[in-house]
Amino acid sequence: ESQRGTSDLKDVFIVSLLINTIWFVLFQISRKDFDGFKKIFHRFLQVKGPSVDWAKINRPPEDSIQPYEKIKAKGLPDNVSASLNKLAVVKLNGGLGTSMGCKGPKSLISVRNENTFLDLTVQQIEHLNKTFNADVPLVLMNSFNTDDDTKKILQKYKHHRVNIHTFNQSRYPRINKESLLPIAKNMAVSGENAEAWYPPGHGDIYASFSNCGLLDKLIAEGKEYIFVSNIDNLGATVDLFILHHLMSQPADRRCEFIMEVTDKTRADVKGGTLIQYDDHLRLLEIAQVPKAHVDEFKSVTKFKIFNTNNLWISLPAIKRLHEKNAMDLEIIVNPKTLDGGLNVIQLETAVGAAIKSFNNAMGVNVPRSRFLPVKTSSDLLLVMSNLYSLDAGSLTMSKRREFPTTPHVKLGSSFTKVQDFLTRFESIPDMLELDHLTVSGDVTFGKNVSLKGTVIIIANHGDRIDIPAGAMLENKIVSGNLRILDH
Ligand SMILES: *[C@@H]1O[C@H](CO)[C@@H](O)[C@H](O)[C@H]1NC(C)=O
Ligand SMILES: *[C@@H]1O[C@H](CO)[C@@H](O)[C@H](O)[C@H]1NC(C)=O
Ligand SMILES: *[C@@H]1O[C@H](CO)[C@@H](O)[C@H](O)[C@H]1NC(C)=O
Ligand SMILES: CC(=O)N[C@H]1CO[C@H](CO)[C@@H](O)[C@@H]1O
């Protein structure tokens with residue numbers, strides 16, 4: 001599909017670059033964003049065929065992905081505070097809450113007792129600093145979509161004892177799928193241009209972090225590593241064992257990059273995985289897999305682990321690689337159809353794809369509890385429930401649950417938007433003994449409902465089911481019509 005004629009391609013490149021240049025100069029996009037875009041666009045035009053040769057993929061060598069237990073067995077740092085002082089925590093905060101029906105940054109959605117993702121993150125860092133008398137700063141990578149709203153909310157932390165830095169990731173123009181020309185009419189991000197720009201994926205962190213000066217600043221303050229994760233992953237807390245592992249490596253074998261991976265289940269078959277390729281660990285994303293091998297990629301037996309996007313990365317190494325321009329992250333071509341029906345593409349990269357460029361990179365196979373993303377209202381129901389307890393901004397599985405796994409929850413489309421979801425539950429049901437919940441159609445839950453085993457509730461079109469307050473459903477299928485009316 002990405003195969004194009006070469007001469008054809010050169011023309012397209014020259015013409016579009018020319019137009020781009022005029023256009024960028026006219027609209028004064030930041031020089032650095034323009035350089036970044038030019039680079040990725042040029043590489044995109046050069047791409048011929050898939051970025052991996054399937055036959056060259058190997059299983060990673062035994063010691064390149066270590067079990068967490070082995071890392072844990074090495075113990076904690078002698079001086080936890082000294083180790084923490086070399087760390088900064090970076091949260092990827094470029095995304096909007098659109099898929100959960102919310103306006104504004106995703107990190108501002110309330111997930112637990114009125115606390116947003118952002119609140120929980122700040123509480124975690126404050127707790128860490130207080131407990132160990134350390135100085136771990138929090139860094140937010142915002143996008144032009146999230147920066148203004150995030151900063152407004154950060155006001156409330158002005159007097160807290162936590163040091164928060166923010167920077168913007170780049171802003172690139174979406175391009176027309178046919179002409180490969182930008183669709184923006186000017187620099188505005190609203191009105192007719194509302195859909196003309198995009199943040200180019202989290203792989204952009206390396207360039208934007210360096211360009212904004214924060215990389216140099218943190219290095220000057222004695223920071224050696226960043227712990228990067230998605231802000232919607234509530235399991236991504238600072239792990240002192242992994243930190244110790246990094247700090248205790250001999251200088252000549254410094255591990256510059258750790259990717260936390262975890263065992264794949266049938267629910268995560270699309271997640272990126274680690275492979276051995278050209279003598280390096282490499283992240284393989286589903287978008288890079290040739291069509292003929294997609295089923296193989298998804299199999300749980302051949303590719304057993306997937307990337308949680310919890311990453312530990314050496315700051316001096318980022319500086320070295322960025323200055324040498326030595327990180328060529330595979331381009332993810334993300335096609336979109338805009339509201340007006342126009343087909344565009346946006347060129348993106350993933351932060352984990354850089355693993356191949358770092359020295360002594362490794363994976364650590366962590367417990368599933370370090371991967372607790374909230375992508376849907378079904379995820380939200382789990383983290384709001386009594387399956388978890390909240391302590392200093394961290395969620396841990398309740399000791400009162402007897403099974404180590406979380407229930408499978410599938411809420412129908414009437415629950416997709418967080419606002420709708422909230423009005424459908426008078427209170428969050430007791431789910432300690434739940435294995436599986438499917439809800440579909442117009443369903444509401446009264447106060448103090450308890451759900452156990454497998455529960456399926458289906459209201460067909462035109463029907464409505466109100467689960468009465470105090471109801472206990474254990475291994476039940478509820479269907480038909482069940483109304484509770486005030487009189
Ligand atoms: C631990 O490290 C901190 C911060 O670097 C330092 O102030 C403290 O003296 C160290 N404690 C010990 C016991 O070495
Ligand atoms: C980041 O993006 C926001 C929104 O576009 C903008 O208002 C702000 O000035 C940007 N910050 C920097 C440092 O460029
Ligand atoms: C909630 O329901 C349970 C039974 O499912 C009952 O034992 C309990 O007393 C109820 N609690 C409240 C506060 O209504
Ligand atoms: C960087 C940062 O936030 N440091 C704070 C961590 O917590 C300690 C103790 O509360 C403060 O003294 C630091 O300023």
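Residues: numbered from 1 along the sequence shown. Since the structure is predicted, the reported quantities are computational estimates derived from the model, not experimental observations. Note that ligands are numbered from 1 as they come in the structure, with each ligand's atoms numbered from 1 the same way.
- The existence of a salt bridge linking R368 and D263 is excluded, since no basic side-chain nitrogen approaches an acidic carboxylate oxygen closer than 4.0 Å.
- Interface atoms of ligand 2 facing F144, defined by a heavy-atom separation under 4.0 Å, are 4 (C), 5 (O).
- The backbone N or O of G94 lies less than 3.5 Å from a partner atom in the side chain of S143, making a donor-acceptor pair.
- Within the 4.0 Å heavy-atom criterion, neither part of N142 lies near ligand 2.
- Heavy-atom proximity to atom 13 (C) of ligand 1, evaluated over N85, N79, N133, V80, is greatest for N79.
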- Task: Please lay out, stage by stage, how R320 and E256 fare under the test salt bridge (Lys or Arg N to Asp or Glu O under 4.0 Å).
- Result: CA-CA 11 Å; R320 182 188 78 231; E256 293 181 337; 2.8 Å; yes

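- Which parts of ligand 1 touch S81 is read off a 4.0 Å heavy-atom cut-off, strictly below it: atoms 2 (O), 3 (C), 4 (C).
- Counting protein heavy atoms under 4.0 angstrom from atom 7 (O) of ligand 1 gives zero.
- Distances between N or O atoms of S143 and those of ligand 2 include no value under 3.5 Å.
- Counting protein heavy atoms under 4.0 angstrom from atom 2 (O) of ligand 1 gives one or more.
- Judged purely by distance below 3.5 Å, without hydrogens or angles, the side chains of H244 and K74 never pair a donor atom with an acceptor atom.
- We find the CE-CG distance between M247 and L84 to be 8.0 Å, quoted to the nearest 0.5 Å.
- Interface atoms of ligand 2 facing N168, defined by a heavy-atom separation under 4.0 Å, are 1 (C), 2 (O), 3 (C), 8 (C), 10 (C), 11 (N), 12 (C), 14 (O).
- Without hydrogens or angle criteria, N309 side chain to N230 main chain gives no donor-acceptor distance under 3.5 Å.
- For the pair R112 and Y388, the cation-pi test (distance below 6.0 Å, angle within 45°) is failed.
- Note: no N/O pair closer than 3.5 Å links K151 and ligand 2 by distance alone.
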